[in-house]
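Worth saying up front: this structure is predicted, and the values here are computed from it rather than measured. Just so it is clear: chains get the letters A, B, ... in the order the sequence lines come, proteins before strands, and each one is counted from 1.
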Number of protein chains: 2
Amino acid sequence: MPLTKKEIIELLKQEILSLKLKPGTILSETSLSERFGLSRTPIRDILKQLSLMGYIDIYPKKGNVVSYIDLESVEQITYLRSTLEKEILKELSPNIPLKGLHKLRYILDMQKDCIQKEESKEKKMEEFMALDDKFHKTLFVLAGRSFIWDLIQQFNVHYIRYRRLHALKEEKLAQLQREHEQILDCVVRGDKDKIDDMVYRHIRADINSSYLRENFMDYIKQ
Amino acid sequence: MPLTKKEIIELLKQEILSLKLKPGTILSETSLSERFGLSRTPIRDILKQLSLMGYIDIYPKKGNVVSYIDLESVEQITYLRSTLEKEILKELSPNIPLKGLHKLRYILDMQKDCIQKEESKEKKMEEFMALDDKFHKTLFVLAGRSFIWDLIQQFNVHYIRYRRLHALKEEKLAQLQREHEQILDCVVRGDKDKIDDMVYRHIRADINSSYLRENFMDYIKQ
DNA sequence: ACCATAAAACTTGTATACAAGATTGCGCTT
DNA sequence: AAGCGCAATCTTGTATACAAGTTTTATGGT
């Protein structure tokens, strides 16, 4: 059974976010037509949508390529996210719903387990990051802001790939998990002053790091 | 000379935002083809893009209509905007660049002039709102966050139309202008505590008002 | 007059032929 | 061997024919 357009979009998004499709990879209409057994018209719809969300760049009459990671976009999105997340956490603090708190703690325990697992670094990172998303999304949901979470996710290509690459670093996963625990503690204790600083550091930790430029230069814009 | 696709998109966006095209108006591919002298293919590209930004709703095999104002989207976007704007203003306070301050004051003076003008209510509102956008955008630019401003603008259809309709109310323009003055004063004085409250009230002022439901029911979703 | 049903006329979705710009590569000139 | 020019071959952009749903209309029966 052939895939629907929606499924193809999701598939391509996953391939781009997971870096199976590296930045710079050419996605020509004809090649995708053959791959998915569709004519160029619906494929063009798909490419158009991916381009509006920043997954690909369309060069008229030249071709389409998987977008390079735009560090400026990362900087701006992390500012947006940390600002919103600070506000949300302060709203949840200290009277966070008990059911939600349990869910968050459960996610953090699973992250801890994940780190201990005997798997490849890539697979562990993949699994950990899914839990990471779940953690942050849960916070937005608890605050009644899932709409905003979904909105941000739509144009999060650059930040997600950036974060995945940083997560390959030694000890990075453990650090992220620890920060989650600390943030949650602050929320429970109602220590609002500390929240600002912790969230800012957690989300924007590596924003001035040269790690990507040094190790993944060919993934980065310009 | 025929319009380019970009120009057509801008034109339709303006017509929708200004409510010349009322929510619910049917935008069929053939009618737009005839209007702009293009075949259905490029028109479909345009409609697709407008739909991804929330300007229209596409009902497969049925038709395309100008979207109704979604009050839930308005609520969420105002939260997003007020949260970010609070943060930005606190960053700018109290050492706002002098040149920027002059520009902001100039915009506010023009708003004051605008209110006094002898024009139709609609025309005045149009002009005032352009200045309003300029004011808020300038704040984002001064804080180095024009990227985020542009991002928000992309899916701002519902909020912009909502705000325009509210701006038709008696005394609303004067109120908005006054609030701008007060916010700017707080920034200059470095009165950060007050900023939070003022911005929140300024942007989310009418969020619980029934004005739209009572006077423009046929513009609203559901 | 009412209702059921079928056909006609709409809508958008897809495939495909052709247009037009961009790139590549080959052969010629120097 | 280096550089120029043109043609072949890529790419995406557009127009159009047809497919496949949805709505409307008309028609026939009761």
Take the protein atom [atom1] of [X] and the nucleotide atom [atom2] of [N], then report the distance between them rounded to whole Å.
{"X": "A/R44", "N": "D/dT16", "atom1": "CZ", "atom2": "C1'", "answer": "15 Å"}
{"X": "B/E29", "N": "D/dA17", "atom1": "CD", "atom2": "C1'", "answer": "15 Å"}
{"X": "B/I43", "N": "D/dA15", "atom1": "CD1", "atom2": "C1'", "answer": "12 Å"}
{"X": "A/L27", "N": "D/dT12", "atom1": "CG", "atom2": "P", "answer": "10 Å"}
{"X": "B/L47", "N": "C/dT11", "atom1": "CG", "atom2": "P", "answer": "13 Å"}
{"X": "B/I26", "N": "D/dT24", "atom1": "CD1", "atom2": "C1'", "answer": "13 Å"}
{"X": "B/K48", "N": "C/dT14", "atom1": "NZ", "atom2": "C1'", "answer": "13 Å"}
{"X": "B/D45", "N": "D/dA15", "atom1": "CG", "atom2": "P", "answer": "11 Å"}

Establish, with yes or no, whether the OP1 or OP2 oxygen of [N] is under 4.0 angstrom from a side-chain nitrogen or oxygen of [X].
{"X": "A/N64", "N": "D/dT11", "answer": "no"}
{"X": "B/R40", "N": "C/dT12", "answer": "no"}
{"X": "A/S39", "N": "C/dA15", "answer": "yes"}

*More 5' along DNA chain C: B/G63 or A/K61, using each one's nearest nucleotide?*
B/G63
*Between B/T41 and A/K62, who's closer to the 5' end of DNA chain C by nearest nucleotide?*
B/T41
_So A/K5, base contact, sugar-phosphate only, or nothing? Heavy-atom distance under 4.0 Å._
sugar-phosphate
*Under a 4.0 Å N-O cut-off, is there an ion pair linking B/K124 with B/E127?*
no
*Would A/D206 and A/R163 pass as an ion pair if we require N to O under 4.0 Å?*
no
_Taking the nucleotide of DNA chain D with the nearest heavy atom to each, does A/S28 or B/L38 sit closer to the 5' end?_
A/S28
*Return yes if the base of D/dT11 and the side-chain atoms of A/T30 contain a donor-acceptor N/O pair under 3.5 Å, otherwise no.*
no
_Assess the residue pair B/E10 and B/Q14 against the criterion (side-chain hydrogen bond (donor to acceptor under 3.5 Å, both in side chains)); give the C-alpha distance rounded to whole Å, side-chain angles, the decisive distance to 0.1 Å, and a yes or no._
CA-CA 6 Å; B/E10 282 312 309; B/Q14 279 316 309; 4.8 Å; no
_Take a 6.0 Å sphere around NZ of B/K5 and say whether it holds more than 12 heavy atoms from other residues, nucleotides or ligands._
yes
*asked:* If you compare all heavy atoms of A/M125 against all heavy atoms of A/A167, which two are closest, and at what distance to 0.1 Å?
replied: CG-CB, 3.7 Å
_From C/dA20, D/dT22, D/dT14, nucleotide with atom closest to B/P42 side chain_ = D/dT14
